[in-house]
Visitor: 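Have a look at the structure that comes next, please.
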Amino acid sequence: MANTHPFLSIHRHQMIRAGACTPRASVGDPAANADATIALARAGDAEGADLLVFPELNVTSYAIDDLHLQDALQRATDAALATIVAASATLRPVLIAGAALVRDARLYNCAIVIARGRVLGVVPKTFLPNYREYYEKRWFASGAGLTGLEIAVAGQTAPFGTDLIFAASDLPHFLFHAEICEDYWAPTPPSTMGALAGALICCNLSASNIVIGKARERAMLCASQSARAVCGYVYSAAGPGESTTDLAWDGQGMIHELGELLVESARFAAADGAVYADIDCGRLIQERLRAPTFNDSSLLAGRPEARFRRIGFEHRPDYADVGSRREIRRFPFVPNTPERLDEDCYEAFNIQVQGIAKRLEAAGAQRLVIGISGGLDSTHALIVAAKALDRLGRPRTDILGYTMPGFATSEGTKGNAWALMRALGITAQEIDIRPAAHQMLGDLGHPFAQGQPVYDVTFENVQAGLRTDYLFRLANHNNGLVVGTGDLSELALGWCTYGVGDQMSHYAVNAGVPKTLIQFLIRWCIASNQFDAQTDTVLAAILDTEISPELVPAGADGAIQSTESKIGPYALNDFFTHYAVRHGMAPSKIAFLAWHAWRDAAAGRWPRDVPEAARVAYDLPTIREWLEKFLVRFFATSQFKRSAIPNGPKVSAGGALSPRGDWRAPSDGTAAVWLKELADALP
């Protein structure tokens with residue numbers, strides 16, 4: 001693959017590489033601080049950064065008290081800024097530096113936005129802390145209410161005020177806003193208005209001395225503001241070299257996106273440095289499109305975009321391959337850190353338990369009826385049902401479990417089904433569907449009934465349909481509810497038999513859970529001792545069984561029918577589903593993300609307990625092959641099944657496919673637009 005193809009560029013996929021910089025301060029020495037700023041700017045340029053954020057007042061240093069009011073220092077600050085501006089002429093990144101500037105006999109604590117040898121604009125700090133260790137009103141004037149103005153700085157005249165957002169004319173998703181330290185501690189941070197005016201990245205230049213616990217508070221504020229304002233948030237605090245006359249500094253740098261921490265610096269470092277992350281502005285745009293509350297907030301705020309000045313600049317992207325500075329989870333429905341994995345599995349499992357328990361009570365049913373195949377989905381539905389009856393104080397014998405062997409059922413899966421039902425203590429029975437299936441195939445005149453090895457869709461669906469038909473009639477006969485076992489992955493792919501088949505049930509308890517998460521939920525049940533040791537042993541055996549519908553007999557070589565060889569790896573399909581449903585991303589971007597997530601099995605973090613054999617890699621041609629198949633299945637052929645799915649609980653913020661919830665789409669749509677976008681964009 002040529003490394004110059006636009007597909008390889010983060011800019012092609014609406015991402016911006018931002019850096020939170022921590023230069024080593026020289027107390028009250030603007031020239032030395034300018035050199036430190038320029039050095040990090042050059043390093044950021046080499047890293048392919050688009051935007052670099054420096055600490056508050058980094059050109060002078062922050063804790064110099066009354067020296068801020070010295071004329072000599074003010075002149076040296078302007079000269080230092082001119083040096084930084086001149087150096088920026090040949091550099092890629094936009095720089096946001098901090099300095100105190102004089103305008104109309106007032107001194108303002110400012111963020112100076114610099115790009116390609118030009119001062120784009122100057123944003124004064126709005127909220128000045130004047131409590132405890134802070135005394136800023138002694139030196140600075142607030143920028144509150146200052147709009148539509150200009151300022152002379154570094155030999156240039158630049159826009160000045162709190163009404164500025166900055167927009168690249170040649171990279172439409174590169175829009176950012178700047179605020180300073182205390183601004184985001186305020187109940188009404190200026191960045192909120194900046195985001196409502198269109199900024200996708202909000203930046204905070206901070207000094208922020210460190211005391212015990214303050215780093216957690218900063219992280220909380222960054223995360224919450226990025227979530228509430230639906231933006232990326234870049235934060236840089238003062239670090240080494242700052243005056244320790246009365247205070248200390250830890251140099252905390254962070255980048256968040258939609259409440260998620262993308263990267264964080266090492267605190268209390270002895271040397272200067274920077275941390276970088278690729279902010280997905282396209283994801284932010286799609287999130288704002290999906291949340292009418294964001295637009296309503298803009299409306300109630302008086303449409304800030306009409307009041308803000310949008311300062312344009314040429315960023316001149318070269319669309320080069322600069323790699324990825326973004327941790328992309330291979331399993332977007334599954335956390336890759338142990339503590340979050342435990343928490344999410346606990347919540348997911350209990351959401352399902354609560355869902356089926358409420359439905360059982362509301363229906364006034366006496367029993368739950370479940371078909372048990374020995375596979376992942378029916379196993380998980382059964383253990384959820386068992387836990388629900390435990391919570392309701394009802395005997396597990398109120399669960400009627402049926403294993404229904406067909407023409408391709410293996411002894412292994414049937415044995416696991418029986419072992420699980422016995423271990424859980426439910427009412428277990430077996431119904432052999434082969435005689436009824438043979439009769440139906442004969443009635444249809446199907447070649448299999450005459451002894452021919454024809455294993456077509458009719459052959460498969462006769463078995464799937466009979467199983468569901470039996471379950472519904474058994475529910476009628478026993479005043480029960482049929483518990484659906486099909487999962488979110490199967491709904492996304494249409495990998496289920498419509499109507500009288502596994503697409504239908506009285507309550508689809510797994511409909512909000514993708515296949516990849518089900519595997520982790522079962523592992524979590526074992527690890528957290530939800531059941532006894534006998535049950536855990538059976539669950540572990542089921543996890544080790546290859547995923548198969550077991551509708552077609554094994555071939556002459558003994559190979560069983562493999563689901564993933566037909567529809568693709570569930571790990572990839574769940575990845576595609578997440579980004580298509582939750583974020584509405586274009587296929588080429590989904591391919592880009594999947595490629596960076598899966599191309600190197602040794603890179604990044606795997607969730608806990610993923611077997612070594614499952615830690616595989618996928619190259620771009622493989623990703624493309626399965627993505628094309630996914631697009632056809634998802635957009636063109638499977639919606640009619642999703643439009644008629646039974647009730648079931650939404651489990652993941654990644655989305656659900658109920659037509660009454662997250663996903664509404666025409667059943668007679670086409671995949672042409674998505675297939676063309678993918679074909680046009682990929683190498």
Visitor: Does any N or O in the side chain of His583 come within less than 3.5 Å of the main-chain N or O of Gln286, such that one atom is a donor and the other an acceptor?
Guide: no

Visitor: For Arg309, does the CZ atom sit with more than 12 other heavy atoms under 6.0 Å from it, leaving out its own atoms?
Guide: yes

Visitor: Under 3.5 Å, side chain of Ser9 to main-chain N/O of Pro6, donor-acceptor pair present?
Guide: no

Visitor: Could you check whether any side-chain heavy atom of Val113 comes within less than 4.5 Å of a side-chain heavy atom of Val94, counting everything from C-beta outward?
Guide: yes

Visitor: Enter the distance from Asp45:CG to Ser88:OG here, rounded to the nearest 0.5 Å.
Guide: 11.0 Å

Visitor: For Lys214, look at atom NZ and say whether over 12 heavy atoms of other residues, nucleotides or ligands are found less than 6.0 Å away.
Guide: yes

Visitor: For Leu40 and Leu52, which heavy atoms make the closest approach, and how far apart are they?
Guide: O-CD1, 3.8 Å

Visitor: Measuring from atom SG of Cys110 to atom CG of Leu101, what distance do you get when rounded to the nearest 0.5 angstrom?
Guide: 4.5 Å

Visitor: Using a strict threshold of under 4.0 Å (side-chain N to carboxylate O), is an ion pair present between Arg118 and Glu314?
Guide: no

Visitor: Taking the side chain from Lys589 and the backbone from His13, do they hold a donor-acceptor pair closer than 3.5 Å?
Guide: yes

Visitor: Can you tell me if Arg288 uses its side chain to pair, donor with acceptor, with the backbone of Val230 under 3.5 Å?
Guide: yes

Visitor: Measure the shortest side-chain to side-chain distance between Pro23 and Pro55 over non-hydrogen atoms and say whether it is less than 4.5 angstrom.
Guide: yes

Visitor: Before accepting this row, confirm whether a basic side-chain N of the pair Arg24/Glu242 lies closer than 4.0 Å to the acidic partner's carboxylate O.
Guide: no

Visitor: Do any N or O atoms from the side chain of Ser169 and from the backbone of Phe313 form a donor-acceptor pair under 3.5 angstrom?
Guide: yes

Visitor: Kindly check if the number of other-residue, nucleotide or ligand heavy atoms within 6.0 Å of CZ (Arg75) is above 12?
Guide: no

Visitor: After noting the C-alpha distance and the side-chain angles of Ser208 and Glu56, does the key distance pass the side-chain hydrogen bond (donor to acceptor under 3.5 Å, both in side chains) rule?
Guide: CA-CA 9 Å; Ser208 191; Glu56 178 182 16; over 6 Å; no

Visitor: Measuring from atom CD1 of Ile84 to atom CD1 of Ile38, what distance do you get when rounded to the nearest 0.5 angstrom?
Guide: 5.5 Å

Visitor: Sequence neighbours excluded, which residues qualify as salt bridge (charged side-chain N to carboxylate O under 4.0 Å, His left out) partners of Asp66?
Guide: Arg138

Visitor: Less than 4.5 Å apart, any side-chain heavy atom of Leu120 and any of Leu164?
Guide: no

Visitor: Less than 6.0 angstrom separating the ring centers of Phe176 and Phe174, yes or no?
Guide: yes

Visitor: Is a side-chain N or O of Arg267 found less than 3.5 angstrom from the main chain of Ala215, in a donor-acceptor match?
Guide: no

Visitor: Let me see the working for His11 and Leu171 under side-chain contact (heavy atoms from CB on, under 4.5 Å), right down to the final yes or no.
Guide: CA-CA 8 Å; His11 294 140; Leu171 214 54; 3.7 Å; yes

Visitor: Would you say the side chains of Asn33 and Thr60 form a donor-acceptor pair under 3.5 Å?
Guide: no

Visitor: To check you understand the geometry: which heavy-atom pair defines the closest contact between Gly143 and Thr162, and what is its length?
Guide: O-CG2, 3.3 Å

Visitor: For the aromatic rings, using the six-membered ring if either is Trp, is the centroid distance between Tyr233 and His256 under 6.0 Å?
Guide: no

Visitor: Going through the checks in order, is the ring-ring contact (aromatic ring centres under 6.0 Å, His included) test met by Phe331 and Trp598?
Guide: CA-CA 10 Å; Phe331 302 96; Trp598 285 97; 5.4 Å; yes

Visitor: I'd like to know if Arg17 and Asp278 make a salt bridge, using a cut-off of under 4.0 Å between side-chain N and carboxylate O.
Guide: yes

Visitor: For His315, is there any backbone N or O sitting under 3.5 Å from a side-chain donor or acceptor partner on Arg116?
Guide: yes

Visitor: Evaluate the side-chain proximity of Tyr134 to Leu128: yes if any heavy-atom separation is below 4.5 Å, no if none is.
Guide: no

Visitor: Side chains of Ile64 and Ser61: closer than 4.5 Å at any heavy-atom pair?
Guide: yes

Visitor: Is the distance between the ring centroids of Phe140 and His68 under 6.0 Å?
Guide: yes

Visitor: Please verify the inter-ring angle class for Phe575 with Tyr579; under 30° counts as parallel, over 60° as perpendicular, anything in between as tilted.
Guide: tilted

Visitor: For Tyr184 and Ser191: C-alpha separation, side-chain torsions, deciding distance, then whether side-chain hydrogen bond (donor to acceptor under 3.5 Å, both in side chains) applies.
Guide: CA-CA 7 Å; Tyr184 94 137; Ser191 56; over 6 Å; no

Visitor: Specify the closest pair of heavy atoms between Ala97 and Val59, including all atoms of both residues, with the distance to one decimal.
Guide: CB-CG2, 4.3 Å

Visitor: Can you tell me how far CD1 of Ile590 sits from OG of Ser588, rounded to the nearest 0.5 angstrom?
Guide: 8.5 Å

Visitor: Between Glu179 and Lys125, does any NZ, NE, NH1 or NH2 come within less than 4.0 Å of an OD or OE carboxylate oxygen?
Guide: no

Visitor: Could you walk me through whether Glu47 and Val322 pass the side-chain contact (heavy atoms from CB on, under 4.5 Å) test, one step at a time?
Guide: CA-CA 8 Å; Glu47 295 288 344; Val322 293; over 6 Å; no

Visitor: With distance as the sole criterion, is a donor-acceptor pair present between the side chains of Tyr62 and Glu136 under 3.5 Å?
Guide: yes

Visitor: Between Asp342 and Glu339, is there a donor-acceptor pair closer than 3.5 Å when you use the side chain of the first and the backbone of the second?
Guide: no

Visitor: Tell me yes or no: between the side chains of Asp280 and Gln14, is some donor less than 3.5 Å from an acceptor?
Guide: no

Visitor: Do Asp250 side-chain atoms and Phe268 backbone N/O form a donor-acceptor pair below 3.5 Å?
Guide: no

Visitor: Is the distance between the ring centroids of Phe160 and Tyr108 under 6.0 Å?
Guide: yes

Visitor: Measure the shortest side-chain to side-chain distance between Leu175 and Ile201 over non-hydrogen atoms and say whether it is less than 4.5 angstrom.
Guide: no

Visitor: Please lay out, stage by stage, how Leu107 and Leu69 fare under the test side-chain contact (heavy atoms from CB on, under 4.5 Å).
Guide: CA-CA 8 Å; Leu107 187 65; Leu69 298 176; 4.1 Å; yes

Visitor: Scan side-chain atoms only and decide if Gln252 and Ser265 contain a donor-acceptor pair under the 3.5 Å cut-off.
Guide: no

Visitor: Evaluate the side-chain proximity of Gln156 to Val85: yes if any heavy-atom separation is below 4.5 Å, no if none is.
Guide: yes

Visitor: Is Glu327 salt-bridged to Arg605, cutoff N-O under 4.0 Å?
Guide: yes

Visitor: Does any N or O in the side chain of Arg664 come within less than 3.5 Å of the main-chain N or O of Gly661, such that one atom is a donor and the other an acceptor?
Guide: yes

Visitor: Quick one: do the Asn204 and Arg218 side chains pair a donor with an acceptor below 3.5 Å?
Guide: no

Visitor: Show the nearest heavy-atom pair for residues Asn58 and Gly98, with the distance to one decimal.
Guide: OD1-N, 2.7 Å

Visitor: Please indicate whether Asp246 has more than 12 foreign heavy atoms, meaning atoms of other residues, nucleotides or ligands, lying under 6.0 Å from its CG.
Guide: no

Visitor: If you look at every heavy atom in Ile180 and Pro124, which pair is closest and at what distance?
Guide: CD1-C, 4.3 Å

Visitor: One thing to verify: whether Asp318 and Arg92 come together as a salt bridge, which I'm taking to mean a side-chain N less than 4.0 angstrom from a carboxylate O.
Guide: yes

Visitor: When you compare the side chain of Trp185 with that of Glu217, does any pair of heavy atoms fall below 4.5 Å?
Guide: yes

Visitor: Closest approach of Pro240 and Thr22, non-hydrogen atoms and distance?
Guide: CD-CG2, 3.8 Å

Visitor: Can Glu182 and Tyr131 be said to form a side-chain hydrogen bond (donor to acceptor under 3.5 Å, both in side chains), step by step?
Guide: CA-CA 11 Å; Glu182 185 77 6; Tyr131 54 88; 2.7 Å; yes

Visitor: Do the charged groups of Glu257 and Arg326 touch, with an N to O distance under 4.0 Å?
Guide: yes

